[in-house]
Amino acid sequence: MHNVIRTTLGSIGLTFLGTASAQPSSTRNHSALALRLAGDVWLFDCGEATQHQIQKSGVKMGRIKKIFITHTHGDHIFGLLPLMASLANGAGGTIDDVEDPRARPPVDVDHLEIYGPLGTRAYIRAGLTYTYTLLGTPYVVHELRFPTDPPDGDQTELLRHTSELPNGRNIAQAKGTWKDIFQDDVVSVSAAPILHSVPCVGYVIQESPVPGKMDPQKYIPSLKRTKTPMSVMSHLQQGDSVELSDGTILHGPPRRPGRKIVILGDTYDPTAIADIASSPDLLVHEATNAHLPHVDTHTKPTDTFESVETRAKSRGHSTPQMAGAFASRIGARKLVLNHFSARYPGNDNINAEARTIMEAIAGLAREQYKGEIICARDFMTVEVNLAQNDADSG
């Protein structure tokens with residue numbers, strides 16, 4: 001694996017590898033989505049058979065650099081160990097008199113970074129240890145510790161795995177969030193707790209400000225008059241100021257906000273993330289249960305919108321209306337509904353009955369949110385474009 005040095009993110013796309021809730025179906029796999037940015041791939045959750053889904057998709061497995069786990073329920077994490085083994089040329093060791101270099105992997109190579117709540121490190125360590133799995137490249141686990149969690153320790157008596165780097169952080173909350181758990185020159189990741197039946201996290205991916213739109217004709221006459229090389233246009237494009245030989249100062253267009261993506265784990269109340277999640281270009285929100293009378297043949301005659309919402313909340317989940325309300329609350333430009341009950345088919349692109357059901361689910365969300373709504377299905381890719389600003393065109 002080779003790290004990509006990013007100067008800009010370029011295109012950003014989310015590929016949904018699994019869109020089911022607790023149980024998979026013939027058309028929906030367990031939870032996982034891949035965020036593509038500047039050549040890298042970051043995974044968010046890694047349910048069972050995620051690596052099979054990757055092989056069937058356009059996602060490049062070798063590009064995976066980071067994995068973010070929202071919570072440690074099995075449908076969000078059972079695919080992590082097999083994927084790690086495939087990424088790092090894992091194997092089950094050798095007989096006693098044959099040396100396997102994977103028993104002592106190099107530490108000065110690119111490594112896989114994993115983020116998740118308490119228990120993520122212990123789960124990976126136990127899984128690799130008790131399956132005698134050796135990895136050819138190292139990994140590190142950073143845990144997001146809740147106020148009720150122990151601040152230190154790995155929560156396991158097992159020794160660190162031979163491939164596990166010792167610099168995994170235990171990141172404490174500050175003012176209710178985990179700010180900038182990762183940051184470089186062009187992108188940062190923050191997180192906050194969201195309410196589910198177990199400790200759960202939502203992630204906010206924020207692109208740094210990007211160059212504004214530039215009209216070259218605004219600058220060319222001054223550059224020609226002073227015989228200034230046209231190469232200075234690249235500095236202007238970045239928003240810099242350039243002083244010409246006659247003292248004239250040209251100012252590049254102001255930078256504009258970068259893209260913002262909010263990816264939530266399972267939740268019945270994501271209020272705690274609302275402040276850092278405000279005004280995203282894209283919100284991914286679960287919509288596990290819906291009341292669809294006259295559309296869904298599995299609808300119980302005693303069900304109502306209220307009873308379905310009550311049942312969803314009791315299990316730590318949301319309805320489409322709840323997702324739509326939160327999208328409106330934070331001012332999302334686009335809402336992607338995700339994490340559907342197995343009763344809702346994921347082949348609505350080719351099946352008319354499935355399309356009717358998913359359109360009805362989107363319709364429920366639309367009661368609370370007037371922006372664009374997409375119902376995710378496996379292998380769907382959603383591109384995240386920069387918001388258009390009329391002020392940039394001048």
Side-chain angles (χ1 to χ4, degrees), residues 1-6 15 17-18 29-69 72 74 76-117 119-143 154-170 181-182 184 189:
M1 293 187 291
H2 299 284
N3 282 328
V4 175
I5 298 175
R6 289 185 290 266
T15 297
L17 299 169
N29 199 63
H30 275 147
S31 292
L33 66 86
L35 176 66
R36 184 194 73 249
L37 63 174
D40 284 358
V41 173
W42 295 354
L43 287 187
F44 289 81
D45 284 337
C46 192
E48 179 184 346
T50 291
Q51 68 171 324
H52 292 276
Q53 296 291 94
I54 292 172
Q55 291 168 353
K56 297 173 185 177
S57 74
V59 175
K60 304 293 186 183
M61 187 177 296
R63 299 281 192 179
I64 297 172
K65 307 300 181 186
K66 303 183 191 301
I67 301 176
F68 298 86
I69 301 299
T72 55
H76 293 255
I77 201 172
F78 279 163
L80 181 55
L81 296 173
L83 177 64
M84 290 176 66
S86 293
L87 285 174
N89 190 28
T94 58
I95 59 176
D96 291 342
D97 58 347
V98 178
E99 183 176 359
D100 190 329
R102 285 168 292 201
R104 289 185 293 275
V107 297
D108 57 346
V109 298
D110 297 339
H111 60 271
L112 178 67
E113 281 197 311
I114 302 169
Y115 296 80
T120 304
R121 186 181 296 126
Y123 170 77
I124 295 171
R125 190 179 296 180
L128 294 177
T129 299
Y130 289 124
T131 58
Y132 303 95
T133 300
L134 301 177
L135 303 179
T137 54
Y139 73 91
V140 66
V141 179
H142 306 298
E143 289 193 337
D154 299 331
Q155 305 309 296
T156 175
E157 298 298 320
L158 290 172
L159 297 176
R160 187 162 41 86
H161 188 268
T162 56
S163 297
E164 182 183 348
L165 295 176
N167 58 331
R169 295 174 289 149
N170 295 328
I181 60 175
F182 171 79
D184 64 15
V189 181

- Determine the interplanar angle of the Phe68 and Tyr115 rings, folded into 0 to 90°, and report it as parallel if under 30°, tilted if 30 to 60°, perpendicular if over 60°.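 Ring orientation of Phe68 relative to Tyr115: parallel.
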Atom [atom1] in [X], atom [atom2] in [Y]: separation rounded to 0.5 Å?
X	Y	atom1	atom2	answer
Ile67	Thr50	CD1	OG1	9.0 Å
Lys66	Leu35	NZ	CG	12.0 Å
Leu134	Thr162	CG	OG1	5.5 Å
Lys56	Asn29	NZ	CG	7.5 Å
Cys46	Ile64	SG	CD1	7.5 Å
Ile77	Leu83	CD1	CG	12.0 Å

So do [Y] and [X] actually touch side chain to side chain, heavy atoms under 4.5 Å?
X	Y	result
Thr156	Tyr123	no
Leu128	Tyr139	yes
Leu81	Thr131	no
Leu17	Leu33	no
His111	Leu165	yes
Arg121	Gln155	no
Thr137	Leu112	no
Glu113	Lys65	no

Do you know which two heavy atoms are closest between [X] and [Y], and how far apart they sit?
X	Y	answer
Ala122	Asp154	CB-O, 3.7 Å
His76	Ser31	CE1-OG, 3.3 Å
Gly47	Ala32	N-CB, 4.3 Å
Val59	Ala34	CG2-CB, 3.9 Å
Phe44	Trp42	CD1-O, 3.9 Å
Leu135	Ala85	CD2-CA, 3.8 Å

- Query: So with a 6.0 Å cut-off around CD of Glu48, is the heavy-atom count from everything else above 12?
  - Reply: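 No, because the 6.0 Å sphere around CD of Glu48 holds 12 heavy atoms or fewer from other groups.
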Donor-acceptor contact below 3.5 Å, side chain [X] vs main chain [Y]:
X	Y	answer
Glu143	Thr120	yes
Ser57	Ile54	yes
His161	Arg125	no

- Candidate pair Asp45 and Ile69, rule side chain to side chain contact (heavy atoms under 4.5 Å, CB included), full reasoning: CA-CA 5 Å; Asp45 284 337; Ile69 301 299; 4.0 Å; yes
- Message: Is there a side chain to side chain contact (heavy atoms under 4.5 Å, CB included) between Ile181 and His142? Walk through the geometry before answering.
- Response: CA-CA 9 Å; Ile181 60 175; His142 306 298; over 6 Å; no
- Query: Does the pair Phe78 and His30 meet the rule for a side chain to side chain contact (heavy atoms under 4.5 Å, CB included), with working shown?
  - Reply: CA-CA 9 Å; Phe78 279 163; His30 275 147; 5.9 Å; no
- Message: As a quick check of understanding, evaluate side chain to side chain contact (heavy atoms under 4.5 Å, CB included) for Met84 and Ile114, giving each step before the final call.
- Response: CA-CA 10 Å; Met84 290 176 66; Ile114 302 169; 3.8 Å; yes
